[in-house]
Amino acid sequence: MQVFVNEKIFKYAEISLFELHGIHKKDADVIILNGFPTNENAMLKDGDKVTLIKRGEVLSEDELENLMMARHTPQIHEKLKQATVAIAGLGGLGSNVAISLARIGVGKLILIDFDVVEPSNLNRQQYYVSQIGMRKTEALKLNLMQINPFITYETHNVYVTENNVENLFNSADIIVEAFDVAENKAMLINNVLSHFPAKKIIAASGMAGSFSSNLIQTKRPFENLYLVGDEVNEATFNCGLMAPRVAIAANHQANMVLRLIIGDDEV
Amino acid sequence: MVVNGKKLHFETQISVVELLVHLNLNDTRIVVELNKKILPKTQFTNTILTDSDEIEIVGFVGGG
């Protein structure tokens, strides 16, 4: 029979959980059998999955990658690993998009922002009090490295204008528009669609306030333009941006990126 | 012409900029597709529309 030990396959005629523990990692103090932590011995069956963890142990890159890979779907993971996604703006939208894409293992993320972390960002953006004053590109890269150290991060601390769009986004397969200001959104989309007829951009418009989550949709107004949001509720003095709806919109964007990478271009 | 799926007819020739004014749209917060192709903002003034044209306009609001 075959059993999986820390995601690797081993063959045994007959073996108990504790025997396996003794052979593979006798200093492990956490034993997980088929997803459930256990302290009881049991005879193993064909196909059982055992994870042996020593608390506080720093894993080698290989071991950690193998364990993390366990949640990835193999054919999908290969496609994700080959993809390069650029995220323009690392605020409420961009920081949340980046975290989801890092978690699923998109091979390369290009992170672009000119700004630093401010206290007013913390109501919706993926930064910490200790990072106030840091460049968003640097702060987000540090946070993402804690989530997935096995993908490539490229950062650009720069203000995006029509003059640098071509250089910044040339190597990206897919572009995420995650700006705050409406004019900047329009500028980026105009220039990306004009310069790169083969690239797709996923933009967002209308996610302020606490209106129904279900008003936020993903649409495809142009062949290469996807648009997420309710298209109405802009950030104003009386209607601010808040974590839940911004993160909902961001993850609509992230899921559309995922769908495009695996070859499904329908919304 | 068809603008965002609706039929519109103008007695005189109209440019994209004039259409946007007619629709009361701010040209810095939109993107325009003319016959399924993106129309760069620099061409809004000198692009004259005809009855057979299909125009798709997407507007943006702030927040992110």
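All values reported here derive from a predicted model rather than from experimental measurement. Order of the sequence lines fixes the chain letters, A, B, ..., with proteins taken first and strands second; residue numbering starts at 1 for each chain.
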Task: Structural part of A:Arg245 lying under 4.5 Å from a heavy atom of chain B - done: neither

TODO: Give the member of A:Ile189, A:Leu227, A:Asn96 that has the highest number of heavy-atom pairs under 4.5 Å with chain B.
DONE: A:Ile189

TODO: For A:Ser100 and A:Asn251, test the side chains for any donor-to-acceptor distance below 3.5 angstrom and give the result as yes or no.
DONE: yes

TODO: Taking all heavy atoms of B:Glu33 and all of A:Glu223, pick out the closest pair and write down the distance.
DONE: OE2-N, 4.1 Å

TODO: Check whether A:Leu193 gets within reach of chain B through its side chain, its backbone, both or neither, counting any heavy atom under 4.5 Å.
DONE: both

Open item on the list: Before we go on, tell me: are the rings of B:Phe10 and B:His22 under 6.0 Å apart, centre to centre?
Closed with: yes

Open item on the list: We want to know whether A:Gln125 and A:Lys136 form a side-chain donor-acceptor pair, criterion being a heavy-atom distance below 3.5 angstrom.
Closed with: yes

Open item on the list: Pairing donors with acceptors under 3.5 angstrom, does anything connect the side chains of A:Thr236 and A:Asn238?
Closed with: no

Open item on the list: Given heavy-atom pairs under 4.5 angstrom as the criterion, report whether the side chain, backbone, both or neither of A:Phe222 touches chain B.
Closed with: both

Task: Toward chain B, the part of A:Asn233 with a non-hydrogen atom under 4.5 Å - done: backbone

